[in-house]
Peer 1: 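A single structure is presented below for examination.
No experiment lies behind these values; they were computed from the predicted model shown. FYI, side chains are in, hydrogens and waters are out, and symmetry mates aren't considered; it's all heavy atoms of this structure.
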Amino acid sequence: MLVDRHCHLDFPEFAPELDEVVARADAAGVKVCVTIGTTLKKFDGVAAVAARFAHVYCSVGIHPHEADPEPIDGPAPLLERAANPKVVAIGETGLDYYYGHSAREGQIRNFRAHIDASRELQLPLIVHTRDAEDDTIEILRAEMGKGAFPGLIHCFTGTPRLAEAALDLGFFISVSGIATFKKSEELRETLRAVPLERLLVETDAPYLAPMPYRGKRNEPSFVVNTAKVLAEIKGVSAEALAEVTTDNFFRLFTRAERPA
């Protein structure tokens with residue numbers, strides 16, 4: 001059994017064949033998926049996908065790209081939507097300075113509001129960070145000092161420094177198909193040092209399809225390929241990697257129910 005910890009099943013790329021996509025995941029042994037909220041205005045669609053399938057869950061959050069069009073001054077809008085029992089996490093949130101689609105000040109404001117919601121509910125915080133490691137680490141450390149909250153670094157592609165900081169905070173590291181790319185040896189080297197009990201796997205579908213599907217539309221069943229490469233990185237069997245990462249998921253995502 002595997003879990004696709006991060007995908008976007010509400011995106012239009014999946015609309016024509018969503019039932020088939022979920023069925024293919026199930027047939028591949030991917031028994032649980034988490035479809036991720038990126039804007040509040042589209043949350044109802046995210047929640048509807050989660051409601052449609054027994055073992056698809058969702059999160060509520062505002063992607064850092066959306067911080068300008070969806071500013072929030074506190075956690076209330078997130079807490080309201082997190083009352084939905086299918087919501088198992090807060091985010092994705094964080095900082096993305098690479099594209100600059102939203103001002104840094106707004107990204108930081110929204111990031112802190114998401115952290116407040118995660119802390120209050122003790123639901124895991126899904127952190128997106130790109131070209132913003134210093135500010136991400138500084139904010140997470142400062143906020144952790146105000147009271148603990150669980151979390152993870154989504155689609156980890158960062159430096160050993162970010163990995164060490166996240167692990168020191170009690171966070172998990174979530175690995176996407178990027179780890180399978182030929183040019184990702186530095187990333188694979190960083191992942192070798194991350195303890196197995198702190199690793200998760202994801203697709204970020206429809207983006208970032210792993211090898212040998214790179215360049216195609218990603219889907220949750222492809223997390224099997226990422227898990228296979230991660231098992232090789234860690235020097236364990238694919239079965240052992242699946243067991244550990246699945247146990248890790250349910251240890252962190254406490255609202256999700258393990259399938260019988």
Peer 1: Please step through side chain to side chain contact (heavy atoms under 4.5 Å, CB included) for the pair Ile90 and Val60, ending with a clear verdict.
Peer 2: CA-CA 5 Å; Ile90 303 297; Val60 57; 3.9 Å; yes
Peer 1: Side-chain contact test, heavy atoms from C-beta onward, threshold under 4.5 Å: evaluate it for Leu167 versus Ile173 and give yes or no.
Peer 2: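 Sidechains of Ile173 and Leu167: in contact.
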Peer 1: Is it true that atom OH of Tyr98 has more than 12 heavy atoms of other residues, nucleotides or ligands lying nearer than 6.0 Å?
Peer 2: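 12 or below, so no.
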Peer 1: Quick one, Leu187 with Phe156, criterion side chain to side chain contact (heavy atoms under 4.5 Å, CB included). Give me CA distance, side-chain angles, the key distance, then yes/no.
Peer 2: CA-CA 8 Å; Leu187 171 60; Phe156 183 86; 3.7 Å; yes
Peer 1: Minimum heavy-atom separation for Pro212 and Asn225, please, with both atom names.
Peer 2: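 Shortest heavy-atom separation between Pro212 and Asn225 comes out as CD-ND2, 3.5 Å.
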Peer 1: Looking only at atom types and distance, does a side-chain atom of Lys86 sit under 3.5 Å from a main-chain N or O of Val56, one as donor and one as acceptor?
Peer 2: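 Yes; judged by distance alone, with no hydrogens or angles, the pair exists.
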Peer 1: When rounded to the nearest 0.5 angstrom, what is the spacing between CG in Asp19 and CZ in Phe14?
Peer 2: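 Going from the CG atom of Asp19 to the CZ atom of Phe14 covers 13.0 Å.
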Peer 1: Mind checking the CD1-CG spacing from Ile126 to Leu252? Nearest 0.5 Å is all I need.
Peer 2: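 So the gap between those two atoms works out to 9.0 Å.
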Peer 1: Answer yes or no: is there a side-chain heavy-atom contact under 4.5 Å between Leu18 and Phe53?
Peer 2: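 A side-chain contact exists here, since the closest heavy-atom pair is under 4.5 Å.
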Peer 1: Heavy atoms, side chains only, cut-off 4.5 Å: are Leu140 and Ile115 in contact?
Peer 2: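 Side chain of Leu140 against side chain of Ile115, heavy atoms only: contact under 4.5 Å found.
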Peer 1: What verdict does the salt bridge (Lys or Arg N to Asp or Glu O under 4.0 Å) test give for Arg104 and Asp96, after you've listed the backbone C-alpha separation in whole Å, the side-chain angles of each residue and the deciding distance to 0.1 Å?
Peer 2: CA-CA 8 Å; Arg104 294 186 180 189; Asp96 192 317; over 6 Å; no
Peer 1: Quick check: does any side chain N or O of Arg109 sit under 3.5 Å from a backbone N or O of Ala67, one acting as donor and the other as acceptor?
Peer 2: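 Pair found, side chain donor or acceptor close to backbone of Ala67.
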Peer 1: Any sub-3.5 Å donor-acceptor pair from Asp168's side-chain atoms to Ala163's backbone N or O?
Peer 2: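 No: the side chain of Asp168 does not pair with the backbone of Ala163.
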Peer 1: Using a distance-only test with no angle check, is there a side-chain donor-acceptor pair under 3.5 angstrom linking Glu92 and His6?
Peer 2: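 Short answer, yes.
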Peer 1: Begin from the C-alpha positions of Arg5 and Phe253 and carry the test side chain to side chain contact (heavy atoms under 4.5 Å, CB included) through to its verdict.
Peer 2: CA-CA 10 Å; Arg5 195 219 48 79; Phe253 288 76; 3.9 Å; yes
Peer 1: Under 4.0 Å between a side-chain nitrogen and a carboxylate oxygen: does that hold for Arg217 and Glu17?
Peer 2: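 Glu17 and Arg217: salt-bridged.
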Peer 1: Any side-chain heavy-atom pair from Met1 and Pro259 closer than 4.5 angstrom?
Peer 2: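 A side-chain contact under 4.5 Å exists here.
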Peer 1: Within the side chain of Tyr57, is there an N or O that forms a donor-acceptor pair under 3.5 Å with the backbone of Glu257?
Peer 2: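 A pair under 3.5 Å: yes.
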Peer 1: His101 and Asp68: side chain to side chain donor-acceptor pair (under 3.5 Å), yes or no, with the steps?
Peer 2: CA-CA 8 Å; His101 290 328; Asp68 282 355; over 6 Å; no
Peer 1: Tell me whether Lys234 contacts the main-chain N or O of Leu191 through its side chain, where contact means a donor paired with an acceptor under 3.5 Å.
Peer 2: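 Side chain of Lys234 to backbone of Leu191, a donor-acceptor pair under 3.5 Å: yes, one is there.
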Peer 1: Is the backbone of Leu199 close enough, under 3.5 Å, to the side chain of Asn248 for a donor and an acceptor to pair up by distance?
Peer 2: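 It does hold such a pair.
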Peer 1: Tell me the closest heavy-atom pair linking Pro75 and Ala113, and the distance in Å.
Peer 2: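 Answer, listing the atom of Pro75 first, then Ala113: CB-O, 3.6 Å.
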Peer 1: Tell me whether the rings of Tyr207 and Phe11 are parallel (<30°), tilted (30 to 60°) or perpendicular (>60°).
Peer 2: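 It falls in the perpendicular class, over 60°.
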Peer 1: Report yes or no: do Glu202 and Ser176 form a side-chain donor-acceptor pair below 3.5 Å?
Peer 2: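 No pair is found: no donor N or O on one side chain lies under 3.5 Å from an acceptor on the other.
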Peer 1: Look only at the side chain of Ser184 and the backbone of Ala179, and say whether a donor-acceptor pair between them is shorter than 3.5 Å.
Peer 2: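 No.
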Peer 1: To the nearest 0.5 Å, what is the distance between CG on Leu2 and OG1 on Thr203?
Peer 2: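 Rounded to the nearest 0.5 Å, the CG-OG1 separation comes out at 11.5 Å.
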Peer 1: Please determine whether a side-chain nitrogen of the Lys or Arg among Glu189 and Arg192 lies less than 4.0 Å from a carboxylate oxygen of the Asp or Glu.
Peer 2: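 Salt bridge between Glu189 and Arg192, a charged N being under 4.0 Å from a carboxylate O: yes.
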Peer 1: Quick one: CZ on Phe250 to OG1 on Thr246, what's the gap to the nearest 0.5 Å?
Peer 2: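 Rounded to the nearest 0.5 Å, the CZ-OG1 separation comes out at 7.0 Å.
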Peer 1: Under the 6.0 Å and 45° cation-pi test, does Arg198 pair with Phe171?
Peer 2: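 That pair does not qualify as a cation-pi contact.
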Peer 1: If you apply the rule salt bridge (Lys or Arg N to Asp or Glu O under 4.0 Å), what do you find for Arg24 with Glu219, and how did you get there?
Peer 2: CA-CA 9 Å; Arg24 283 196 292 270; Glu219 62 177 73; 2.8 Å; yes
Peer 1: Could you go through the side chain to side chain contact (heavy atoms under 4.5 Å, CB included) check for Val49 and Cys58 one step at a time?
Peer 2: CA-CA 8 Å; Val49 170; Cys58 66; over 6 Å; no
Peer 1: Under the side chain to side chain donor-acceptor pair (under 3.5 Å) rule, what do His63 and Glu70 come out as? Steps first, then yes or no, please.
Peer 2: CA-CA 9 Å; His63 192 285; Glu70 287 199 354; over 6 Å; no
Peer 1: Does the Thr190 side chain pair with the main chain of Glu186, one donor and one acceptor, at a distance under 3.5 Å?
Peer 2: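 The answer is yes, because a donor-acceptor pair under 3.5 Å joins these two groups.
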Peer 1: Looking at side-chain heavy atoms only, is the closest gap between Thr129 and Leu162 below 4.5 Å?
Peer 2: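 Answer yes - side chains close enough.
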Peer 1: Could you label the plane-to-plane angle of the Tyr99 and His65 rings as parallel, tilted or perpendicular, counting under 30° as parallel and over 60° as perpendicular?
Peer 2: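 The rings of Tyr99 and His65 stand perpendicular, inter-plane angle above 60°.
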Peer 1: Using side-chain hydrogen bond (donor to acceptor under 3.5 Å, both in side chains) as the criterion, point out the one residue from Arg188, Lys182, Lys183 that pairs with Glu185.
Peer 2: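 Of the listed options, the one satisfying the test is Arg188.
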Peer 1: Where the side chain of Arg251 meets the backbone of Glu197, is there a donor-acceptor pair that is under 3.5 Å apart?
Peer 2: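 Checking the backbone N and O of Glu197 against the side chain of Arg251, a donor-acceptor pair under 3.5 Å is found.
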Peer 1: Test His8 against every option in Thr38, Asp204, Asn218 by the side-chain hydrogen bond (donor to acceptor under 3.5 Å, both in side chains) rule and name the one that passes.
Peer 2: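 Checked Thr38, Asp204, Asn218 against His8; only one passes side-chain hydrogen bond (donor to acceptor under 3.5 Å, both in side chains): Asp204.
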Peer 1: Could you check if a side-chain atom of Leu40 sits within less than 4.5 angstrom of a side-chain atom of Arg81, using non-hydrogen atoms only?
Peer 2: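 They are in side-chain contact.
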Peer 1: Which distance, rounded to the nearest 0.5 Å, do you find between the CG of Leu95 and the OG1 of Thr136?
Peer 2: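 It is 4.0 Å, given to the nearest 0.5 Å.
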Peer 1: I'd like to know if Arg161 and Asp134 make a salt bridge, using a cut-off of under 4.0 Å between side-chain N and carboxylate O.
Peer 2: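 Result for this pair is yes, salt bridge flagged.
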Peer 1: Can a donor-acceptor pair be found, under 3.5 Å and without considering hydrogens, that links the side chain of His114 to the backbone of Leu125?
Peer 2: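 No, the answer is negative, given that no donor and acceptor are paired below the 3.5 Å cut-off.
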Peer 1: Under a 4.5 Å cut-off applied to non-hydrogen side-chain atoms, are Leu121 and Val87 in contact?
Peer 2: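 Leu121 does not reach Val87 side chain to side chain.
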Peer 1: Within a strict 4.5 Å, meaning less than it, do heavy atoms of the His154 and Leu152 side chains meet?
Peer 2: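 A side-chain contact under 4.5 Å exists here.
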Peer 1: Answer yes or no on whether Arg130 is positioned over the face of Tyr97, meaning its NZ or CZ is under 6.0 Å from the six-membered ring centre and within 45° of the axis.
Peer 2: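 No - Arg130 does not lie over the ring of Tyr97 by the 6.0 Å and 45° rule.
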Peer 1: If you measure from the Lys or Arg side-chain nitrogens to the Asp or Glu carboxylate oxygens, is any gap between Lys31 and Asp26 under 4.0 Å?
Peer 2: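 So Lys31 pairs with Asp26 through a salt bridge.
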Peer 1: What residues, two or more places apart in sequence or in another chain, satisfy side chain to side chain donor-acceptor pair (under 3.5 Å) together with Ser59?
Peer 2: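 Partners of Ser59 under the side chain to side chain donor-acceptor pair (under 3.5 Å) test: none.
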Peer 1: Going by distance alone, is a donor N or O of one side chain under 3.5 Å from an acceptor N or O of the other, for Thr159 and Glu133?
Peer 2: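 There is such a pair (donor and acceptor under 3.5 Å, judged by atom type) between the side chains of Thr159 and Glu133.
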Peer 1: What pairs meet the side-chain hydrogen bond (donor to acceptor under 3.5 Å, both in side chains) rule with one or both residues in residues 116-125, with sequence neighbours excluded?
Peer 2: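 side-chain hydrogen bond (donor to acceptor under 3.5 Å, both in side chains) check on residues 116-125 returns Asp116-Arg119, Arg119-Glu143.
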